[in-house]
J.: 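This is the structure I have questions about; it appears just below.
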Amino acid sequence: FEVTERPVEPTLRFMQGAYQTLPLIPTPDEQYTVIIRVDNLGQTDATDLTLTLYSKAEDAGGWIEIGQDSIMVIPGSDSSSGYEEASFVVPSNLSVPGGTEFRASLTGDGVDSEYSELRFTIVVDNVAVDSQVRLNLLSGESVIDFVGMEEGGLLFTTVDGELHVRTVTESSSGAWA
């Protein structure tokens, strides 16, 4: 494989797993938080950015703005990605059962239009995530997805760009896979 150097200029990207929700599965008619991460793959700091979150609203004829966050600096580096996170509260009136489409838009100096947008869907459901098993995530580990199965499930996470999979059962949160 070919190894390429990090670009000198700021290189902003929404990486795999760039968004998450609190709680993990939002419930209908309850507000929830969407956290979006923007990575800088370049060596130079990215400054003066704005991240805006929109929700798809068919009855309103398109997209409605949820909120806007100013990002002052996303550090650059020659060895690792700098990143910054922005949080947005989705109001309870937009928390309806089923899937809701979202669009995150990044603007500012040096933002490449090809990579300035992230589209994703969040599922709101009337379920409770409750377990006798406590999951201990590593520092910097982010949950990407959970796939439920008959006797447990698989928890997909990322740590420093590496994909990890854990088995989760009623009695334990299994080892890394």
Side-chain angles (χ1 to χ4, degrees), residues 10-42 45-57 63-77 80-108 111-112 115-131 134-148 153-166 168 173:
T11 305
L12 302 168
R13 298 290 187 269
F14 295 106
M15 305 298 282
Q16 179 71 29
Y19 68 92
Q20 60 181 335
T21 60
L22 293 175
L24 190 58
I25 302 173
T27 53
D29 302 318
E30 300 277 333
Q31 73 177 24
Y32 60 94
T33 302
V34 176
I35 302 165
I36 301 174
R37 174 177 162 154
V38 180
D39 284 77
N40 181 3
L41 306 179
D45 292 354
T47 59
D48 299 322
L49 305 167
T50 302
L51 186 61
T52 307
L53 182 65
Y54 301 91
S55 175
K56 185 106 181 210
W63 298 95
I64 58 171
E65 185 176 316
I66 300 296
Q68 199 173 73
D69 195 4
S70 294
I71 300 173
M72 301 315 289
V73 177
I74 302 178
S77 172
S80 64
S81 295
Y83 70 90
E84 191 60 49
E85 294 178 335
S87 295
F88 302 92
V89 175
V90 177
S92 58
N93 66 317
L94 295 178
S95 182
V96 295
T100 302
E101 291 181 57
F102 288 89
R103 176 171 58 98
S105 178
L106 184 65
T107 58
V111 175
D112 183 344
Y115 301 102
S116 66
E117 193 172 273
L118 172 68
R119 290 181 184 232
F120 56 96
T121 301
I122 292 177
V123 175
V124 173
D125 201 356
N126 221 353
V127 299
V129 180
D130 189 20
S131 172
R134 181 169 183 89
L135 292 173
N136 293 316
L137 300 179
L138 300 172
S139 176
E141 182 176 16
S142 300
V143 174
I144 296 173
D145 204 357
F146 180 82
V147 176
L154 299 174
L155 180 68
F156 293 86
T157 65
T158 181
V159 179
D160 295 327
E162 293 179 353
L163 178 65
H164 295 259
V165 181
R166 295 184 194 212
V168 179
S173 61

J.: Under a 3.5 Å distance rule, please check whether Asn40 uses its side chain to pair with a backbone N or O of Ile74 as donor and acceptor.
T.: yes

J.: Taking atom types as modelled and ignoring hydrogens, do the side chains of Ser92 and Gln31 form a donor-acceptor contact shorter than 3.5 angstrom?
T.: no

J.: Please say whether more than 12 non-hydrogen atoms of neighbouring residues, nucleotides or ligands are located less than 6.0 Å from CG in Asp160.
T.: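 No - once you tally the heavy atoms of other residues, nucleotides and ligands closer than 6.0 Å, there are 12 at most.
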
J.: Could you work out, with ring pair (Phe, Tyr, Trp, His ring centres under 6.0 Å) as the rule, every residue matching Phe14, not counting sequence neighbours?
T.: none

J.: Can you measure from CD1 (Ile71) to CD (Glu85) and round to the nearest 0.5 angstrom?
T.: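 The distance works out to 10.0 Å.
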
J.: Tell me whether Gln16 at atom CD has more than 12 heavy atoms from other residues, nucleotides or ligands lying less than 6.0 Å away.
T.: no

J.: Give the minimum heavy-atom separation between Leu49 and Gly108, together with the two atoms involved.
T.: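 Minimum heavy-atom separation between Leu49 and Gly108: CD2-CA, 4.1 Å.
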
J.: Quick one, Val124 and Tyr32 - any side-chain contact, counting heavy atoms below 4.5 Å?
T.: yes

J.: Look up atom CD1 in Ile36 and atom CG in Leu51, then write down how far apart they are to the nearest 0.5 Å.
T.: 5.0 Å

J.: Are any non-hydrogen side-chain atoms of Met72 and Asp48 less than 4.5 angstrom apart?
T.: yes

J.: Taking the side chain as C-beta and beyond, is there a heavy-atom pair between Arg103 and Lys56 under 4.5 Å?
T.: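 Contact flag for Arg103/Lys56 side chains = no.
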
J.: Looking at OH of Tyr83 and CG of Leu12, how far apart are the two atoms once the value is rounded to the nearest 0.5 Å?
T.: 15.5 Å

J.: With rounding to the nearest 0.5 angstrom, report the CZ to OH distance, Arg119 to Tyr19.
T.: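 Here the rounded value is 14.0 Å.
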
J.: Show the nearest heavy-atom pair for residues Ser95 and Thr27, with the distance to one decimal.
T.: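 Heavy atoms of Ser95 and Thr27 come nearest at OG-O, 2.8 Å.
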
J.: Output the distance between atom CG (Asp145) and atom OG1 (Thr158), rounded to the nearest 0.5 Å.
T.: 13.0 Å

J.: Hey, what do you get for CZ (Phe102) to CG (Leu94), rounding to the nearest 0.5 Å?
T.: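 Output value for this atom pair is 7.0 Å.
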
J.: Can you confirm whether Pro75 sits close enough to Asp45 that some side-chain heavy atom of one is under 4.5 Å from a side-chain heavy atom of the other?
T.: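 Yes. Closest side-chain heavy atoms under 4.5 Å.
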
J.: Determine, stepwise, if the pair Leu155 / Val143 fulfils side-chain contact (heavy atoms from CB on, under 4.5 Å).
T.: CA-CA 7 Å; Leu155 180 68; Val143 174; 3.7 Å; yes

J.: Quickly, which of Ile35, Asp69, Thr33, Thr52 forms a side-chain contact (heavy atoms from CB on, under 4.5 Å) with Phe88? Name it, please.
T.: Asp69

J.: Does any part of the side chain of Leu53, heavy atoms only, come nearer than 4.5 Å to the side chain of Val34, both counted from C-beta?
T.: yes

J.: Kindly determine whether Ile144 and Leu163 satisfy side-chain contact (heavy atoms from CB on, under 4.5 Å), including the steps that lead there.
T.: CA-CA 9 Å; Ile144 296 173; Leu163 178 65; 3.9 Å; yes

J.: If you define the side chain from C-beta out and look only at heavy atoms, does anything of Ile122 sit under 4.5 Å from Pro26?
T.: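 When only atoms from C-beta onward are counted, Pro26 and Ile122 do touch, with a gap below 4.5 Å.
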
